Each structure stands twice: as C-alpha cells, then as structure tokens.
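What follows is one structure encoded as structure tokens, with my remarks underneath.
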Amino acid sequence: MDAAEPPAWIAVGRTARTVVVVLLDAGAAEQSREEIEPARLASWIADAEARWAPRWVWHDTPQWYGALLADGIRVARCHDLRLCHAILRESALVDDAAAVRRAVEWDAAPSVDAEDAAPALFELEQAQQPTGPPADADAAVAEFLRQRAAVEVSPEASRLRLLLAAESAGALVACEMRAAGLPWDAAAHDRILVETLGERPRGGGQPAKLAAAADRVRAALGDPTASLDSQPKLLRALHRAGVLVESTSRWELAEQRHPVIEPLLEYKKLSRLAAANGWTWLADWVADGRFRPVFVPGGVVTGRWASSGGGALQLPRQLREAVRADPGWRLVVADVAQLEPRVLAAMSSDTALAAAARGRDLYAGIVDSGAVATRQEAKIALLGAMYGATTGESGRLVPRLRRAYPRAMGLVDDAARVGEDGGVVSTWLGRSSPAPSPEWSAAQSRATEAEASGAEEARARRWARDRGRFTRNFVVQGTAAEWALAWLADLRGRLAALPPVSPEHAAPRSGPAFARQPHLAFFLHDEVIVHTPAEHADAAAEAVTEAAASAGRLLFGSFPVDFRLDVRTSETALKD
DNA sequence: TACTGGTGCGCG
DNA sequence: AAAGCGCGCACCAGTA
C-alpha cells in the first residue's frame, strides 16, 4: 500500500470474493488499486485510516461501516455515494446534473435487510445484493467522479462540498448510534408501565387500569359491548349516547361535556402507551440495556433524518425516565432553543430577528421588540409564518411579524411564492425541493384553460397553496437540518478527541470500542444525547456547546446569530 | 393472506 | 377538529 503521495480518497467496492480498494489523490486521479482478501480487510482499513486518514468512498455507509464497527474500527470521514447522489441529482446549485441523473442505478434504495446483513459483508458466499446501488469498486469510482465533476463546476461548490461532507458524516453517526444504542433501563420502563397501566396480565389481555378505563367508558355510554378501538364503531356509539362529534380525536372530544369524555380520554392515553411503547415494544427493541433504533439519514425530503422501526423519533416524554446512563456514566442532554427561527434569521440576514434571539429566549426577544404582546403570541405567530398559517390567531398575528422582520418573512414568503408557481427552492447549502408532480402541473395548466370548471380551478388553487406551504417550510426545516448535521459532525470529532477514560470505565458491559469513550447515543432533529463516563461529563457538555457555535460559524460565517442550547447532565434523559 | 387508505397520536 | 410544516406507527376496515 505504498503511494507517492498520501491518498486523499479511498474508494472501496466488492467483487464476488474479495474487496477492491482504489487509492485516489486529492484531484481524484487514481494512484493505485489493490485486491484484498476479506479476512485482511479490517486491518487494512484500520492501517490506512491511521496512516492517511482518507475520506472513504463507498456505496452505502451502513453496509460498510456496520461491519467495520463490529470489528472495532472507526473512521473519521466518508463520502456516501448513495446519499450524495440523491442530493446532487436534485440540487438547483448544480448547473449540469445530467450525468448524475443518468446514473439511475444510484437512485435505488438499499435493500431493507442490508444493515442486518452487514456483519456478513465480507463473508465469501454473500456476493449477491438483490437491490440497492452498485457495490463494486469501478461503479463507485465512476459515480464519485461524476459527483465531483458536478460539484466542482458549480459556483456554489463550497456549499455543496460542505453539504455532502455533512450528510456523509451524519451517515457515520447514524451507524455509530445504532451500534452503541441508547442506554435503556428496562426495569424503569416496566415500572412506568405498571404504574400507568397496571400489572401486566400473565395470560395476555388488557392490564388492569386500561381495562378499568374501558369499563368506565362503556358504563358512561350505557353500552357494555361498545368497541373502543375501531374509530367508526366508537363514533357511532358516541352518537347513540348523544355525543355529537364529527371525529373521535382528543381535540374535539375535549370540547364536549358528557360523562364519557373523561374516561374516554384516559382510555385513549393508556391504550396509546400500551400499543406504541408497551411491553411488546420493550421486548422487541430493548436488549442488553440498549435501545437500538435504525436512524435513516436523509430519510425526509427536507434532509431531516427519519427512523425505521421502534419509532425512534417519537420517544414519548413519559418514557424519558427509562433512558438511564450506565453506572458511573452520565447523559448529557442538549437541545437547541428555537432552532428554526434562528436559522431563518441567519439565512435571511435579518439582523433584527437575530438581535431578538441573541442571548435569550427568542420569543421573549420578539415580545421585547413590541411586535406582539406575549410569548405565546410570538410563538404562534412565528410558527404560523414558517408553516404558512392563514387563518385563526396565527394567521392574524403573522402580518405583525412581517412588519417587524421584513427580511426573514420575505424569505419564507418568497419560498412560498416559488412553490405555488411550480418552482424549486433550495436550502442554504443547496438541497433542493423536489419538482412538482406531473399531476400537479397538469392540474395547474388545466385550470388556466378557458373551459376549466370552477371545481378544477379551486382544486388547482388549493394544490398550489399546499405546495407553497411545503416550499415555505422546506427552506427553513432543511437548513435547520443542515445546521444540525454540522453540529453532530463537529461534536463527533470533539468527543473522539477527548483524552482516554480511566481504565475502570474503559470496558463497560458491551458494545463497540468507541462506546467506551464519550459518544453520541441519540439525535432528534434539534437534540442530542451523549453517553459519557462521569469523569468526562463536563468536557462532553462543553464539547456539545462548542460544537453548536462551530456549526453556526461553518454555515453562516460571522453573521451575528447564536444557537442557544439547553444542556443538562444527569443520569436520566428527563426533561424539566 | 397481503395489501392499501383512513384515522389518530406520538415526536420535532 | 384543527389552524399550519415534516415524519412513523398501530389499528381497523375494505379489498384483492
């Protein structure tokens, strides 16, 4: 593995029986290539990482990195071809995306079980990959060159490079968080379930408190066999009892006065907990004291992560008590206060909004500016502006923000207008919204024809406004996701650079080697949880804070906006 | 039996 | 029954 100059990139790909590595210089010219026996691969990669710290180029991070982590190997940087392809093929910052778009094989989603198959990645027999992007080295290099070409000719190359690096770093973090898991106290979870729902019945059936709530509902309805889990049946039963609601949603029920309401709301609350995060969930998703969800970077059109299985991004507040650090360890829980409005202030260079946010609760700052009277009003107005509210209290308050913060409001209003006209909008770093569907466009052009019906015109208008609200929010939500990726990536590096922990903490119960150091354990749009030995908790908390400031500078340079964090260090992930 | 669409609720 | 964005999941009902 000698090379004249250190490789800046190393592309990896599989053949039927071996792995091919391709060393590329900083200009992406090939220096050399080598075929590696699967048994030697892990140590080869570990050596190359230590020697050159290259950026690893591979087709799909979970399939490569999952196996490496299982072998105790961590890498600092990668370029995830599949994720970067998805960004570049749509980005309006790319002048000529034709070549990238033609490579349709890179549009394929990886097979669902690819991640679980990862530990077997280098076993001889697994050569077939039924779906997903190509896994061989030649395809990887070719796609990498196409992507580089698309980026390098763009006038916005530096933004795109940052976005691709952040997206790829996120892919590494997602794999690592799955490998490390979120420390989960099953006994504490069980206690919460027993307290809330009652003892778990041995032979199946409903727990006592849930059954009792159901009985009270049926008694109040005067209908001992009423079905509570079927929306149509429940609705009919309510009507028979004289509760004339149009839906069975909590919101509408709460406005009614009838003896059935209180027990019904109670029943809904309990049955939700039992169904979504009850004993079945605990058995399915928690093992060895860890909750291991599948994070899906880039899973949302805006660039936010999605999750698959376990409902990782919907952890109910009620269960946060069950998130519990290992003995001698701590959790550093940090979330950003009003991330999206701060991002909006920065990307629109709205110094007034940034000033309202600086060093304090942003909503309080808006109140102080005199635009609205109360914190609640400020919150409703700002959310309404970013989501496109037109009616109700929110719709009434938005015009006042428009006067106070014309630049910020102008940015989201413009994004809405572009979307209504069928155009494409982009985030700060260059992730673009999808083009309108053919059905959408057809409806719009149909509505302009002379013989279009009133109904057709109304539908086209409604769809246009729907799309306007989507693009309005896309620019803010998507840029906030970019900030969060930069935060994660920077934090990951800082945590990895902390000094080694003392020996008594160096070997916790189980898990990958990096999890013996302070490490990221959870991420939720604007929140991170770091699991750390107690002796490093202060350093980890400091790293979280510094990473946030660093992310702000990386995206917005010296623009004077701050990203305030609420940071708590404790043994559980409980909030307030 | 496997699917799809509707409903409702959890999260940001 | 939300208004006003983005998700995932469970459950039911209707259909293939």
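By convention in this document, chain letters (A, B, ...) are assigned in the order of the sequence lines, proteins followed by strands, and residues within each chain are numbered from 1. What you see is a predicted model, and the numbers here were worked out from it, not measured in a lab.
- Comparing A/Ser308 and A/Asp466 against DNA chain C, the residue whose closest nucleotide sits nearer the 5' end is A/Asp466.
- Searching all strands for a Watson-Crick or G-U wobble partner of C/dG4 with both distances below 3.5 Å returns nothing.
- Side-chain rings of A/His189 and A/Trp281 approach one another, their centers coming within less than 6.0 Å.
- A straight line from CG of A/Leu228 to C1' of B/dG8 spans 14 Å, rounded to a whole angstrom.
- Applying the 4.0 Å criterion to OP1 and OP2 of B/dG8, one finds that A/Lys269 has every side-chain N and O outside that range.
- Contact of the A/Leu488 side chain with the A/Val528 side chain is registered, since non-hydrogen atoms from C-beta on lie closer than 4.5 Å.
- Judged by the 6.0 Å distance and 45° axis criteria, A/Arg324 is not positioned over the aromatic ring of A/Trp184.
- The distance between atom CG of A/Leu382 and atom C1' of B/dG12, rounded to the nearest whole Å, is 15 Å.
- In the interface, the side chain of A/Arg469 is not paired with the base of C/dC5 through any donor and acceptor atom under 3.5 Å apart.
- Within 4.0 Å (heavy atoms only), A/Gly388 reaches sugar-phosphate atoms of the nucleic acid but no base atom.
- Ring planes of A/Phe470 and A/Phe474: perpendicular class, angle over 60° (limits at 30 and 60°).
- Heavy atoms of A/Lys379 sit nowhere under 4.0 angstrom from any nucleic acid atom.
- Distance A/Glu393 CD to C/dA2 C1': 14 Å, rounded to the nearest Å.
- Look at A/Thr391 and you'll find a side-chain N or O under 4.0 angstrom from OP1 or OP2 of C/dG4.
- When heavy atoms are screened at a 4.0 angstrom cut-off, A/Arg250 is found touching the sugar-phosphate backbone but no base atom.
- Geometrically, A/Arg292 does not engage A/Trp285 in a cation-pi contact defined by less than 6.0 Å to the ring centre and at most 45° from the axis.
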Give me the distances for all protein-to-nucleotides 2-7 of chain B N/O pairs that come in under 3.5 Å?
from, atom 1, to, atom 2, distance (Å)
B/dT7, O3', A/Gln231, NE2, 3.2

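- Comparing the same atom, P, in C/dG8 and in C/dG4 gives a spacing of 23 Å after rounding to whole Å.
- Within the 4.5 Å cutoff, side-chain heavy atoms of A/Leu253 are placed close to those of A/Lys268.
- Among the heavy atoms of the strands lying under 4.0 Å from A/Gly310 are primed sugar atoms or P, OP1, OP2 only; no base atom is included.
- A cation-pi arrangement, defined by a distance under 6.0 Å to the six-membered ring centre and an angle within 45 degrees of its axis, is present between A/Arg459 and A/Trp463.
- Rounded to whole Å, the distance from CG on A/Asn473 to P on C/dG4 is 13 Å.
- As rounded to whole Å, 18 Å separates atom P of C/dG4 from atom CZ of A/Arg467.
- As rounded to the nearest Å, B/dG6 and C/dA1 have P atoms that lie 14 Å from one another.
- In this structure, A/Phe295 atom CZ and C/dG8 atom P are separated by 14 Å, rounded to whole Å.
- The shortest distance between the side-chain N/O atoms of A/Ser230 and the OP1/OP2 oxygens of C/dA13 is below 4.0 Å.
- Rounding to whole angstrom units, CH2 of residue A/Trp251 and P of C/dA1 are separated by 10 Å.
- When each of A/Val301 and A/Glu246 is assigned the nucleotide of DNA chain C bearing its nearest heavy atom, the one mapping closer to the 5' terminus is A/Glu246.
- In this structure, a donor-acceptor pair under 3.5 Å is present between the side chains of A/Asp80 and A/Thr61.
- The distance from atom CD of A/Glu252 to atom P of C/dA3 is 13 Å, rounded to the nearest whole Å.
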